[in-house]
Amino acid sequence: MKKAAGHPLSGCNVMGIGIDLVENERMKETLRKWSGTFKEKVFLPQETAYCESCAEPSNHYAGRFAVKEAVSKAFGTGVSEHIGWRDIEVVRDGKTGAPSVRLSAKGRKLAKKRGVERVLVSLSHTKHYAVAQALLVGFGRGDDCG
């Protein structure tokens, strides 16, 4: 496949890929059982506010949880001392609603160390599941994007 001239990812490398699938019912049960403790450990206040504003909050928590897992897997560390739950914030584009992530200072430091320039994510929901995929791209070692 030929790269498009001037494309934002032209000349980049794939630095990592991750995916995660979360059962909405399992998230609903976790929230019911551990509500405050779980939310505070995993989600930032803006994420909680968004999820709570939705008709089915647990489905949106499941999606954000899946994104965080997918990003941590893409880094190859999983959620660990290298990058934690609250080092990955899921944000929505104001116009399109598309998800993206904002990394904390710790997350940005890990990304810089690994040569990661961008973290791309995709998120999808069904009645029963939330699935997310993350792709790390940059100019370090990795597979050529083209």
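FYI, the numbering just counts along the sequence from 1.
- Side-chain atoms of Asn24 come within 3.5 Å of backbone N or O of Thr126 as a donor-acceptor pair.
- Although no hydrogens or angles enter the test, the distance criterion places a donor-acceptor pair under 3.5 Å between the side chain of Lys73 and the main chain of Ile19.
- In the model, Glu56 has no side-chain atom that pairs as donor or acceptor with a side-chain atom of Tyr61 under 3.5 Å.
- One distance of note links CD of Glu25 with OG of Ser58; it measures 7.0 Å at 0.5 Å rounding.
- Side chain of Asp93 to main chain of Lys95: a donor-acceptor pair is present (N/O by atom type, distance under 3.5 Å, no hydrogens or angles).
- Note that CG of Asn59 is 9.0 Å distant from SG of Cys54, once rounded to the nearest 0.5 Å.
- The side chain to side chain donor-acceptor pair (under 3.5 Å) test with Glu47 is passed by exactly one of Arg64, Lys68, His60, Lys39: Lys68.
- Judged purely by atom type and a 3.5 angstrom limit, Arg86 uses its side chain to pair as donor or acceptor with the backbone of Glu40.
- Residues Ala132 and Ala70 come closest through the heavy atom pair O-CB, 3.7 Å.
- What you find for Ala66 and Ala130 is that their closest heavy atoms are CB-O, 4.2 Å.
- Under a hydrophobic clustering in which Ile, Leu, Val, Met, Phe, Trp and Tyr are joined whenever their side-chain heavy atoms come within less than 4.5 Å, directly or via other members, Val79 and Val121 fall into different clusters.
- Residues Trp34 and Val22 are members of one and the same hydrophobic cluster, defined by side-chain heavy-atom contacts under 4.5 angstrom among Ile, Leu, Val, Met, Phe, Trp and Tyr.
- Of the inter-residue distances, the one linking Trp85 atom CH2 with Ser104 atom OG reads 14.0 Å to the nearest 0.5 angstrom.
- Note on Glu29 versus Arg26: no salt bridge recorded, every NZ/NE/NH1/NH2 to OD/OE distance being 4.0 Å or above.
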* To do: Walk me through it: do Gln46 and Glu89 pass the test side-chain contact (heavy atoms from CB on, under 4.5 Å)?
  => CA-CA 9 Å; Gln46 302 88 325; Glu89 179 184 6; 3.8 Å; yes

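- Judged purely by atom type and a 3.5 angstrom limit, Arg108 uses its side chain to pair as donor or acceptor with the backbone of Leu103.
- Side-chain contact between Leu135 and Val14 is present, with heavy atoms from C-beta onward closer than 4.5 Å.
- In this structure, the side chain of Arg114 does not engage the main chain of Met15 through any donor-acceptor pair within 3.5 Å.
- Between the CG atom in Asp20 and the CD atom in Glu69 there is a gap of 4.5 Å [rounded to 0.5 Å].
- In the hydrophobic cluster analysis, where Ile, Leu, Val, Met, Phe, Trp and Tyr join through side-chain heavy atoms closer than 4.5 angstrom, Leu110 is grouped together with Val67.
- Hydrophobic clustering of Ile, Leu, Val, Met, Phe, Trp and Tyr side chains at less than 4.5 Å, counting indirect connections, unites Ile83 with Leu136.
- With hydrophobic clusters built from ILVMFWY side chains whose heavy atoms lie under 4.5 angstrom apart, Leu123 does not share a cluster with Met27.
- Closest non-hydrogen pair, Ala74 versus Gly18, comes out as CB-N, 3.7 Å.
- Looking only at distances, a side-chain donor or acceptor of Ser53 sits under 3.5 Å from a matching main-chain atom of Tyr50.
- Taking the six-membered ring for Trp and thresholds of 30 and 60 degrees, Phe65 and Phe43 have ring planes inclined between 30 and 60 degrees apart.
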* Determine, step by step, whether Val119 and Val71 satisfy the side-chain contact (heavy atoms from CB on, under 4.5 Å) criterion, reporting the C-alpha distance in whole Å, the side-chain angles of both residues, the deciding distance to 0.1 Å, and the verdict. => CA-CA 8 Å; Val119 179; Val71 170; 4.0 Å; yes

